[in-house]
Every structure is written in structure tokens, then in C-alpha cells.
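Note sheet for the following structure.
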Amino acid sequence: MSFTKTIEFANYTLNFGTDKVLLDAFESIVLPSFSDQKYIRKFKDTEYFFTETRLISLDTIDAQFEGPLPFPTIAICGRIIKKTTLKRDQIFRDGVIIQDHQTLESHPSSIFILILNDHRLMLCKEVAGAPTLEEFENTSKHCLAKRYNSFVDYEILKNKRTRKKKPHVKRIYKKDIYEKLGVPKLRVTPLTDPRTLNNFVELFSVVNRLSIELLPTNSENISLDDFWRKIEREKEDLNSNKAQLVYTNRTEDGLNSSAVVEKTTSATQMANSKVVISGKDENGATLSGNNESFTLKTPKPDLDSDLEKASREAYISFNELKEEGDIIVPNRPDRANIISKITSIINRWL
């Protein structure tokens, strides 16, 4: 099967403790965590790292545009590299199996674009075997943890140096820093394509179980649906860090497939829900799937190899899907605060 470049869309939810999110630790933790090859995640014989990372503005203003300019959309873009070694032990030639040990280094890459204004993530594999959304998530988690630990150690060292010159300065302990800026917790949740979801549910002859877990957000409103808003409020009232709804019907009739699609679409439109659908296929075999089974994707075979051009092309696709209603941007009650932080980033870095 030939390879086609395809853009995948997800939500990049990053929390520091219970009261801080991505932009609150952007300069101290988030941006440095993407530094070129500074942090490397090793898994078995494979290494993952970021390279060519930079801050860019994604906006392209038409020369004929009139009126006030929109607030800039900025993003971290770059490449994630998967450094691995392909191995073979034998080949089949002229009807005979021949022992032939060979190795070949392979470094497939994916382009990523993380929009800072609303924490949406775009990822496009540039070649077959390139890093997936899950591999991006695990690599970013690793780099954030490494950077966070370095930040804590530096703050302790800085305080120690200060106290040598000014003995009256209070000593800082690691627990003090943890209380002020909690340990980073990252979740990358694929955006859902209603059409793909519908096709996936059609694979079931019967759906026996639907599980929906509401997850922490980047402070945005969780949904346009009053039902899910109510669930979120109840979760907050109970001081619970998660809420889960489970619908089951173990009979031959199972759950109503149309209602499963409707409920799942409603729950996942803001990309802050973990969904698992399980049941049986037409042959009676067990069938199960989660968010990754119906990820929102769009083919982009001609995506530019230049990183900044590719990022802006991907953002155009993002906006097209938003206009079509496939991507819903969350309402942000703290919009003024976000604009202020984005403005500070623009003034310093762009």
C-alpha cells in the first residue's frame, strides 16, 4: 500500500497540579522541553527526540484584506524523530532460506504543530513508520518531566547561592516548588471524526458497552452540551479528578447503535473524553475500540517539506475543518488572560 501524508488532529492537555496549565509555565517548562535533541526518550532499541523546533505565527493575511487584523495565532512547530535500527536475520532466495544478518539505521519523522491559543495539536507523518500521536505524547511527557526536574534543581541551587550572599533569605525546599507549580501531567486526545465514528460503530453487530470518562481540561468549557456541563459541575462539586459514565446491555439486542454514535459524538467534540466501545462483530468475535479508532484526519499528500510552510498549510486545513463543524474550538472563560500571555510571548519571542 502506498504511503500518503495525512494530518491528524488532537487536543494537547497539559496541567501543572490543579490550578495551572500550559501557558502558566510556557517559558520555564514547556518551550524548553521541546529544545532540539536536548531530551531523548529511549524505548528498547529506539530513541525519540524533537528537532527544528521554533515558535511561529500561523496567520496568513490576504493582501486584499480590509478591517482590523485578527489576534495572532502562534504555535510551536518542529519535527519528532524516531531513531531506530531495522534488522534482518535471513532472506529467501532461489527457493532457499539464507542466513543473512544485516542492520539499517532508519530515522522517520513527523511534523507537529502545537497551537498555543487553544492547545490544539496537528501531527503529520512524513514517511511510513514515522512517530504516531501516542509516541509524540509519550516523548513530550518524558521531555516535560526532564525539564521540570531540571527547573526544580535550578531553583534550589539559585536559592542556595542567594542565601550565601543574603543569609536572611528563606530556604526553599523542593516541596515548596511542587506546591507552587505542580508536576506536569499531559494527555493527548485525538479529535473525533463523526463520519469515521459512524463507520466504526457499523462494524458491530451488537454494542454491549459504552464507557465515557471525562478528563481534565486546559480551563476551557468542556462542551456545548448541557448534559456534559452538568456532569462536569457535579465532578467539581464532589472534588473528583475524573467522572466516568458506563452504559451496558449484555443481551443480544445490545445498546442502540444510533444513540451510541450520538452520545459519543457529543462527549468527544471537545476532545476531553476517553471513550471505549465494545461488543461483537457479525461473526460473534469480540470487538473493541477507543478514541484512536475514529480519529479526525485529512489527507495532505502535497504537504510542503519546509517546516514553516507545512505548518501554515496544516493550519489552513484546520480552519477548513473548523468552518465545516468537524473541529469545535472551546469557549474560554479566561480569554483575556490568555490574550495577555500570548501577547507577552509574541513580544519576547517573535
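Residue numbers start at 1 and run along the sequence shown. Heavy-atom basis, side chains included; hydrogens, waters and symmetry copies ignored.
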Identify the two heavy atoms, one from [X] and one from [Y], that lie closest to each other, and give their separation to 0.1 Å.
X: P108; Y: G129; result: CG-O, 3.4 Å
X: G279; Y: N208; result: CA-OD1, 3.6 Å
X: N256; Y: S258; result: OD1-N, 3.0 Å
X: G254; Y: V206; result: CA-CG2, 3.4 Å
X: P72; Y: N117; result: O-ND2, 2.9 Å

Would you give the length of the straight line joining atom [atom1] of [X] to atom [atom2] of [Y], rounded to the nearest 0.5 angstrom?
X: L350; Y: I74; atom1: CG; atom2: CD1; result: 6.0 Å
X: L157; Y: T162; atom1: CG; atom2: OG1; result: 9.0 Å
X: T286; Y: D281; atom1: OG1; atom2: CG; result: 8.5 Å
X: D89; Y: I98; atom1: CG; atom2: CD1; result: 14.0 Å
X: R335; Y: S340; atom1: CZ; atom2: OG; result: 12.5 Å
X: S211; Y: I277; atom1: OG; atom2: CD1; result: 10.0 Å

For the hydrophobic clusters of this structure (ILVMFWY residues joined by side-chain heavy atoms under 4.5 Å, transitively), does one cluster hold both [X] and [Y]?
X: L133; Y: V127; answer: no
X: L22; Y: F16; answer: yes
X: Y39; Y: I81; answer: no
X: Y178; Y: I29; answer: yes
X: L321; Y: F318; answer: yes

**Study point:** Residues R88, H101; criterion side-chain contact (heavy atoms from CB on, under 4.5 Å); working and verdict
**Key:** CA-CA 6 Å; R88 82 177 188 197; H101 302 282; over 6 Å; no
Just by modelled atom types, is the [Y] backbone N or O under 3.5 Å from a matching donor or acceptor in the [X] side chain?
X: K5; Y: L303; value: yes
X: N149; Y: K146; value: no
X: N198; Y: P194; value: no
X: R147; Y: S35; value: no
X: D304; Y: S311; value: no
X: S106; Y: L86; value: no
X: N15; Y: V21; value: no
X: T53; Y: F34; value: yes
X: N159; Y: I156; value: no

Could you check whether any side-chain heavy atom of [X] comes within less than 4.5 Å of a side-chain heavy atom of [Y], counting everything from C-beta outward?
X: K300; Y: S317; value: yes
X: K185; Y: K141; value: no
X: F71; Y: T343; value: yes
X: I113; Y: L58; value: yes
X: Q99; Y: I91; value: no
X: Y48; Y: T46; value: yes
X: I172; Y: I177; value: yes
X: E292; Y: E134; value: yes

Is a side-chain donor-acceptor pair under 3.5 Å present for [Y] with [X]?
X: E282; Y: S205; answer: no
X: T73; Y: Y315; answer: yes
X: D253; Y: T251; answer: no
X: N11; Y: R120; answer: yes
X: S140; Y: Y12; answer: yes
X: R209; Y: T248; answer: no
X: N199; Y: R195; answer: no
X: E213; Y: S273; answer: no
X: S278; Y: S288; answer: no

Check your understanding: Taking F49 as the fixed residue, which of D36, I80, I40 is the one that meets the side chain to side chain contact (heavy atoms under 4.5 Å, CB included) rule?
Key ->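 Filter result, single survivor: I40.
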State whether [X] and [Y] are salt-bridged, where the test is any N-O pair (Lys NZ or Arg NE/NH1/NH2 against Asp/Glu carboxylate O) under 4.0 Å.
X: K82; Y: E47; value: no
X: R187; Y: E137; value: no
X: E135; Y: R41; value: no
X: R312; Y: D59; value: no
X: K297; Y: D193; value: no
X: K174; Y: E155; value: no

Exercise for review: Apply the test salt bridge (charged side-chain N to carboxylate O under 4.0 Å, His left out) to residues K309 and E313: give CA-CA distance (whole Å), side-chain angles for both, the deciding distance (0.1 Å), then the verdict.
Suggested key: CA-CA 6 Å; K309 290 181 180 178; E313 289 175 7; over 6 Å; no
Review point. Can you list the steps and then say if L23 with I345 is a side-chain contact (heavy atoms from CB on, under 4.5 Å)?
Key: CA-CA 9 Å; L23 291 178; I345 293 171; 3.9 Å; yes
Review point. Who passes ring pair (Phe, Tyr, Trp, His ring centres under 6.0 Å) against F200, sequence neighbours left out?
Key: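 Scan of F200 (ring pair (Phe, Tyr, Trp, His ring centres under 6.0 Å), adjacent residues dropped) gives F204, F294.
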Exercise for review: Apply ring-ring contact (aromatic ring centres under 6.0 Å, His included) to the pair F112 and F136, showing each step before the final yes or no.
Suggested key: CA-CA 9 Å; F112 70 89; F136 176 91; 5.2 Å; yes
Review point. E126 and S109: side chain to side chain donor-acceptor pair (under 3.5 Å), yes or no, with the steps?
Key: CA-CA 6 Å; E126 295 190 276; S109 63; 2.6 Å; yes
Review point. Take atom CG in N283; do more than 12 heavy atoms of anything else shown fall under 6.0 Å from it?
Key: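 Correct, the count exceeds 12.
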Exercise for review: Please lay out, stage by stage, how K125 and T132 fare under the test side-chain contact (heavy atoms from CB on, under 4.5 Å).
Suggested key: CA-CA 7 Å; K125 299 176 184 177; T132 63; 3.7 Å; yes
**Study point:** CA sep, side-chain torsions, deciding dist, call: L210, V275, side-chain contact (heavy atoms from CB on, under 4.5 Å)
**Key:** CA-CA 7 Å; L210 170 63; V275 174; 3.9 Å; yes
